[in-house]
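Here is the structure we will look at, set down as structure tokens.
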Amino acid sequence: MKPLCLIPARGGSKRILRKNIKFFCGKPLISWSIECAIKSNLFSKVYVSTDDIEIAEEAKNCGAEIPYMRPSNLSDDQTKDVEVIDHFIKWSKSKNIKPNIICYLYPTAPFITVDTLKKCYALLLKENASISLTVTSFAYPPQRALKIENEYKLNFIWEEFKNNRSQELEEAYHDAGQCYFYDVKKFPNISDRVGLLLPRYRCQDIDTLEDFEFAEMLFKMLNNNNFET
């Protein structure tokens with residue numbers, strides 16, 4: 001069977017109130033993820049796991065299905081993604097739905113593209129991995145990161161790298177925060193992971209209002225220059 005897509009969207013965001021349905025470039029933020037997932041034609045179903053009635057209605061309007069209202073003990077800011085996925089897998093088994101692969105797609109990923117979804121899925125299959133995910137490179141070597149102490153004083157976190165030039169340091173990568181394809185048979189024992197490398201201009205965390213505003217500016221710029229969205 002085709003993979004299932006699961007989009008987690010709890011209602012209690014704190015740093016950006018009602019973030020998942022806050023309008024982003026003209027429509028609710030979550031709609032970009034839902035519409036891309038549907039457009040990809042990769043999935044037999046696109047589900048949204050939420051505890052919030054308003055988010056559920058918006059998601060249904062965008063074409064997603066709401067399998068259940070997520071319980072409150074899995075909807076606070078301490079809830080881990082693995083718990084949300086495990087809850088969904090147990091629900092799917094109870095309904096005799098037995099997917100081989102689940103795509104966990106963030107609702108705050110307006111830069112996701114059909115091409116990214118397809119390539120990330122293909123990478124999981126090609127490498128027979130536990131999980132494939134999107135990654136991007138750090139803009140500056142994290143080995144030379146600083147910490148601030150006593151309000152102004154700066155110290156290197158890793159003193160052993162303080163005299164290294166940037167080009168001497170190994171390039172490092174981080175989770176791009178877009179999509180994650182899981183082999184359900186191996187979940188939750190993630191023994192091997194593979195990453196689809198994305199350019200930094202296609203990745204933007206949206207955790208604060210400043211992030212949100214910058215992401216909108218970047219998104220509009222990419223659209224105006226005919227980049228794929």
Side-chain angles (χ1 to χ4, degrees), residues 1-10 20 30 32-34 36-37 40-49 70 74 77-93 97-145 157-158 161 169-207 211 215 228:
M1 84 183 271
K2 285 183 174 182
L4 297 180
C5 181
L6 176 64
I7 300 174
R10 68 184 184 89
N20 291 320
I30 193 175
W32 296 100
S33 293
I34 295 172
C36 184
S40 75
N41 200 33
L42 273 178
F43 309 109
S44 57
K45 298 281 187 181
V46 176
Y47 293 105
V48 169
S49 171
R70 198 197 309 173
L74 291 176
D77 55 7
Q78 300 300 313
T79 301
K80 297 178 175 62
D81 287 335
V82 66
E83 296 174 305
V84 178
I85 297 166
D86 184 63
H87 179 256
F88 175 75
I89 290 174
K90 288 175 179 174
W91 170 84
S92 64
K93 287 180 179 178
I97 303 169
K98 299 176 181 178
N100 295 318
I101 294 170
I102 289 174
C103 172
Y104 194 67
L105 174 59
Y106 279 159
T108 53
F111 294 91
I112 191 69
T113 67
V114 168
D115 185 61
T116 294
L117 287 171
K118 288 183 175 180
K119 285 181 177 177
C120 204
Y121 174 52
L123 183 62
L124 181 81
L125 299 181
K126 177 176 176 287
E127 299 297 328
N128 192 30
S130 301
I131 179 177
S132 64
L133 63 148
T134 50
V135 298
T136 194
S137 60
F138 280 97
Y140 185 82
Q143 299 94 327
R144 289 180 56 81
I157 293 177
W158 296 286
F161 297 117
L169 298 170
E170 182 179 1
E171 189 160 21
Y173 304 89
H174 62 88
D175 180 354
Q178 292 190 4
C179 62
Y180 311 78
F181 283 84
Y182 288 89
D183 183 330
V184 176
K185 298 189 303 295
K186 299 177 182 180
F187 183 86
N189 300 311
I190 308 301
S191 57
D192 55 328
R193 51 180 56 82
V194 291
L196 177 68
L197 182 61
L198 300 180
R200 289 196 294 270
Y201 66 80
R202 291 235 51 104
C203 310
Q204 174 62 37
D205 280 340
I206 303 179
D207 292 325
D211 292 339
E228 182 189 0

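Rounded to the nearest 0.5 angstrom, Phe181 CZ and Ile102 CD1 are separated by 11.5 Å. The distance from the NZ atom of Lys2 to the OH atom of Tyr121 is 9.5 Å, given to the nearest 0.5 Å. For the atom pair SG (Cys203) and CG (Asp175), the distance works out to 9.5 Å, reported to the nearest 0.5 Å. Considering CD1 of Ile30 and CD1 of Ile7, their distance stands at 5.5 Å, rounded to 0.5 Å. Once rounded to the nearest 0.5 Å, the distance linking CG of Leu105 with OG of Ser33 reads 4.5 Å. Taken to the nearest 0.5 Å, the CG atom of Leu123 stands 5.5 Å off from the OG atom of Ser132.
By the side chain to side chain contact (heavy atoms under 4.5 Å, CB included) test, Leu197 pairs with Val135, Tyr173, sequence neighbours left out. For Lys80, the side chain to side chain contact (heavy atoms under 4.5 Å, CB included) partners at least two apart in sequence or on another chain are Val82, Glu83.
Taking the side chain as every heavy atom from C-beta outward, Leu74 and Arg10 never approach each other to under 4.5 Å. A heavy-atom distance below 4.5 Å is not found between the side chains of Phe187 and Ile131. Taking 4.5 Å as the limit, some side-chain heavy atom of Pro107 sits within range of a side-chain heavy atom of Pro8. Annotation: side chain of Leu42 is not in contact with side chain of Cys5 (no heavy-atom distance under 4.5 Å). The shortest side-chain heavy-atom distance between Ser49 and Leu6 falls under the 4.5 Å cut-off. With a 4.5 Å cut-off on side-chain heavy atoms, Lys186 and Asn128 count as touching. By the 4.5 Å heavy-atom criterion applied to side chains, Ile112 and Cys179 are counted as neighbours. With a 4.5 Å cut-off on side-chain heavy atoms, Asn189 and Ser191 do not count as touching.
Within the structure, side-chain hydrogen bond (donor to acceptor under 3.5 Å, both in side chains) contacts touching residues 98-111 (residues at least two apart or in different chains) are Asp81-Tyr104, Asp81-Tyr106.
A donor-acceptor pair is defined here as one N or O able to donate and one able to accept, closer than 3.5 Å; no such pair exists between the side chain of Glu170 and the backbone of Gln143. Not one N or O on the side chain of Arg200 forms a donor-acceptor pair closer than 3.5 Å with the backbone of Thr136. No donor-acceptor pair closer than 3.5 Å links the side chain of Gln178 to the backbone N or O of Thr116.
Smallest separation of non-hydrogen atoms from Leu117 and Ala37: CD1-CA, 4.0 Å. Leu133 and Tyr180 make their closest contact through CB-CD2, 3.6 Å (heavy atoms, listed as atom of the first residue, atom of the second, distance). Of all heavy-atom pairs spanning Cys36 and Thr113, the tightest one is SG-C, 3.3 Å. Nearest approach of Tyr47 to Ile97, heavy atoms of both residues: OH-CD1, 4.0 Å. Scanning both residues, Arg202 and Phe111, for their nearest heavy atoms gives NH2-O, 3.0 Å. Residues Ile206 and Asp211 approach most closely at CA-CB, 3.7 Å, considering heavy atoms.
Side-chain contact check for Asp192 and Ser130: at least one donor-acceptor pair (N or O, by modelled atom type) lies under 3.5 Å.
Counted within 6.0 Å of NZ on Lys118, heavy atoms from surrounding residues, nucleotides or ligands total 12 or fewer; the atom is thus considered open.
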